[in-house]
Each structure stands twice: as C-alpha cells, then as structure tokens.
Amino acid sequence: MSGKPRLTYLNGRGRMEPIRWLLAAAGVEFEEVYLETKEQYDKLIKDGFLLFQQVPLVEIDGMKMVQTRAIMSYIAGKYNLYGKDLKERALIDMYVEGISDLMQMILMFPFSPPDAKEKNLDSIKERATNRYFPVFEKVLKQHGQDFLVGNKFSWADVQLMEAILAVEEKVPTVLSGFPQLQVFKTKMSNMPTIKKFLQPGSPRKPPPDAHYVETVLKVFKK
Amino acid sequence: MSGKPKLYYFDGRGKMESIRWLLAAAGVEFEEEFLETREQYEKLQQGGSLIFQQVPMVEIDGMKMVQTRAILSFIAAKYNLYGKDLKERALIDMYVGGTDDLMGFILMFPFLSAEDKEKQRAFIVQKATSRYFPVYEKVLKDHGQDFLVGNNFSWADVHLLEAILMVEEKKSDVLSGFPQLQAFKARISSIPTIKKFLEPGSQRKPVPDDKYVETVRRVLRMYYDIKAN
C-alpha cells in the first residue's frame, strides 16, 4: 500500500477531474482505478465501498470518501488551499460553487441529444461570458492581486483555471473580453505543479469523446 | 441595523429552507425579505447584491453570501456544528451531500406536471428507502450514539431530520423499516431549538403550493417545463 490517495472513476474527466486538478495543484501524487465494466461497478457497490452507491470514490487517509464536494473540501483543508480563516473560506466556497454550476453545464454537455447540442453550447458561452467570468474579472481587478482570495493560492484559483480551460475548449475566444483572466490564466499555467499537470503524460484527462460517453452509459446502466 | 442575519428569498422553502433550519437549530434569530415581484429581484441584481445574479442570498457578518452550500458551511463552522477536526468535517460533508441529493429530488417536485408528480413521488421514496436512509440507519446502529458524527450535534443531524420530514410528507410511513431513524427523528425533534422551529408560528415554511410555484416562475421568468428524474 503506497499511502497515496487512490481515485476510482471512469478513465475520463466527469466529476473526478476537479479532484485530479486539486491534488495535482497541491503537489500530491495519486493512483487511479478505472471503471470499465458494469461488473466492476456492481462489485464495488456489493463490497460496500460506495456509501451512496456512486463514484467518485477517493481512498485517502484511511477513509473511503465519496461526494465530490466533500472530497474537495477535505483536500483543500488538508493541503492549506482553503484560506486562513472562516471568512476567506466563505469566499472560496462561494467562488467554487459558482464555478461548479458552470462546470456542471460542461459536464452534462456530451450527454445532451444531438439536436440540443448547439443550444447547450450557446448556454455555456452565455453563462461564462455574462454570469461567471465577469465576477472573477472584477474580483481580480479590484484587489489587483495574483490570486482570487487572501493574496494566496487556493482551491478557488485551481477551480477557476480548470473552468477557463474547459470553456476555451468549447469557445476558444471566450477570454477576449477579460484581460485580468487572461493574465490569471498565464500566471496559473506557470505555477510549477499546474505546469506539470498541463504537460502530456500527466493524470489530466482529455475532453470527453464518444467512447467515454459510451462507457459511462454502459457502466451505470440500470 | 439589527446584526441578525438577513435572508433574501421567496416566501417558501426552495433552496433557502436548509439555511433556515440550520440557523434555527443553532439558536440564531434571523430576518427575512421575501421576493414577490420581478422588480424587487432586478433591483437586488442591479444593486450588486447577488454576485451570480441568484438567490438564496444571506447578509451575515458584513458579507452578502450566495451559493447555498457556501452559506450552510459558514453557518455550520461559525456555530460549532461542523465537527471537531478535518476528518469529522469530511464525514459531515459526505452525509450532507447525500441528504442534499435526496432533497434535490424534492426541490423540483412542485414544478412538475400532475402526472410527473406521481412518477417523482415514487422515485423519491425509492431513492430514500434504498439508497439514503439505509446509510444513516447503519451509521447510527454501528456506533449507537445519539448523533451522526463525533457524538456531538452537528449540521449533518439537522440536514437529515429536514430530509426525513420532507420525505414523510410524500409518504407518511416511509420510516417504517428504519427503527434507528425513527428514534433519531424523535430525539432531534426534541432538541429545544429544533422543537421551537417545528412549532406553528416559526419561520419554517410550509409545503410549497401553486402560489409559491407561480411566484417563483414569475420572479425568475422560469417558464420552461421542469422534467422529473
């Protein structure tokens, strides 16, 4: 047993990707187990590994953690990426939850029916441009610091960086009206742990493709 | 200015109800401003109070907090309902995540068509009895303590009681296979702050009705159909 956190999920982004980002940003090495068949998943449930019969599952510090937010809060708390006090944590939580709402749209996108894809893409672009990115642009402009909260690298910065790249994959010019976010993106990309995560061969997963969608539907088929 | 937290939402449960429960459980008095018109909502947005243009919003400790989960976490930590260390917090977060998913199925219930409501009711009961309640039943049985985490009253207990009562509103005998949860419900309901919240005249909101649905749709301009799970 290596003592490293062990992640169980499909071999793709989904709900596990923000967790991979956060561990990587914290410089924490981790192992991964990939679900490829329904039998594997059913066995995990039968063996009592999944508290609510769902993945993501992260085995960390002797716990079998489920529920994405719970896992991320624990990692952020453990690796000092959660601010210095309750108020900074409140800000980080607000920002992370907002970004998570945007990421939810991207998460569901590959599963939308073909005739809804264009509309959903427009929604992602609209929300990113009108609701979410302006908030973080303004936060960075107002305090002029490198990081979103408390002049220190936190979970919120990692989550925003992930979201920016994910939206750019769908809408390449999305940052054109956001000069602060462009600078932020560059700064984050140059942070050693993030830079490493962005290189080929890292645990970062590629955008979901048809094979990923097919695997999800197969593994979680009722 | 009273110094009490102030809640901005519709006059109904929705996403704000868990926040009302937690503040009440902590013995914290709060004020409420109810959204009744589109104009009120737009005024809040234009005034910059809603960073993602959404409610719930809670003014607390000089902050205009949004995002239900962020608000609940802040309240839990501030009033010592979040466990004693990182591992207890992790357990509380996991348990609350489960009850949150369960209550999420009920959140959209009032907005469904009559036909979908029947389907959704069955879905809610099925998930409650096969996925969620068994987990908490086992947790309580295994450690034999009064509270879910760390032998201490926490956010997880408040959230579970809220979820139990909401599912019971959909099927009154839903706890019949869960003796631990029945005892838990009785115990937690008799905690003085919670007992008070469960009495008529408290700030607890009733089961959402057509008027509530109409208000939400009108204020949010949310006229699209909501689908069942």
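Note that the coordinates shown come from a computational prediction; the quantities given were computed from them, not determined experimentally.
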Item to check | Interface moiety of A/Asp101 toward chain B, non-hydrogen atoms closer than 4.5 Å | outcome: side chain
Next on the checklist: Between B/Val66 and chain A, with a heavy-atom cut-off of 4.5 Å, which part of the residue counts as in contact: side chain, backbone, both or neither?
Outcome noted: both
Item to check | Non-hydrogen atoms of A/Met94 and B/Lys64 that approach each other most closely | outcome: SD-O, 4.1 Å
Checklist entry - Which answer fits A/Lys138, side chain, backbone, both or neither, if we ask what part of it has an atom under 4.5 Å from a heavy atom of chain B? => result neither
Item to check | Nearest-0.5 Å distance, NZ of residue A/Lys78 to NZ of residue B/Lys87 | outcome: 8.0 Å
Item to check | Under 4.5 Å from a heavy atom of chain A, the part of B/Lys138 involved | outcome: neither
Item to check | Approximate separation, where rounding is to 0.5 Å, of A/Leu91 CG and B/Phe74 CZ | outcome: 10.0 Å
Checklist entry - Looking at B/Ile92, B/Val96, B/Asp93, B/Thr68, which has the largest count of heavy-atom pairs under 4.5 Å with chain A? => result B/Asp93
Checklist outcome for this item: Honestly, the part of B/Arg89 sitting under 4.5 Å from a heavy atom of chain A is side chain
Item to check | Heavy-atom closest contact (B/Ile51 atom, A/Val135 atom, distance) | outcome: O-CG2, 3.1 Å
Item to check | Atom group of B/Met63 that falls short of 4.5 Å from chain A, counting heavy atoms | outcome: side chain
Item to check | Inter-residue atom distance A/Glu97.CD - B/Ser73.OG, 0.5 Å rounding | outcome: 7.5 Å
Checklist outcome for this item: Bottom line for B/Asp101: the part with an atom under 4.5 Å from chain A's heavy atoms is side chain
Checklist outcome for this item: For B/Met65 and A/Ala90, the nearest pair of non-hydrogen atoms, with its separation, is CE-CB, 3.7 Å
Next on the checklist: Are more than 12 heavy atoms, taken from residues, nucleotides or ligands other than B/Lys15, located less than 6.0 Å from that residue's NZ atom?
Outcome noted: no
Checklist entry - In terms of heavy-atom proximity below 4.5 Å to chain B, should A/Gln67 be classed as side chain, backbone, both, or neither? => result side chain
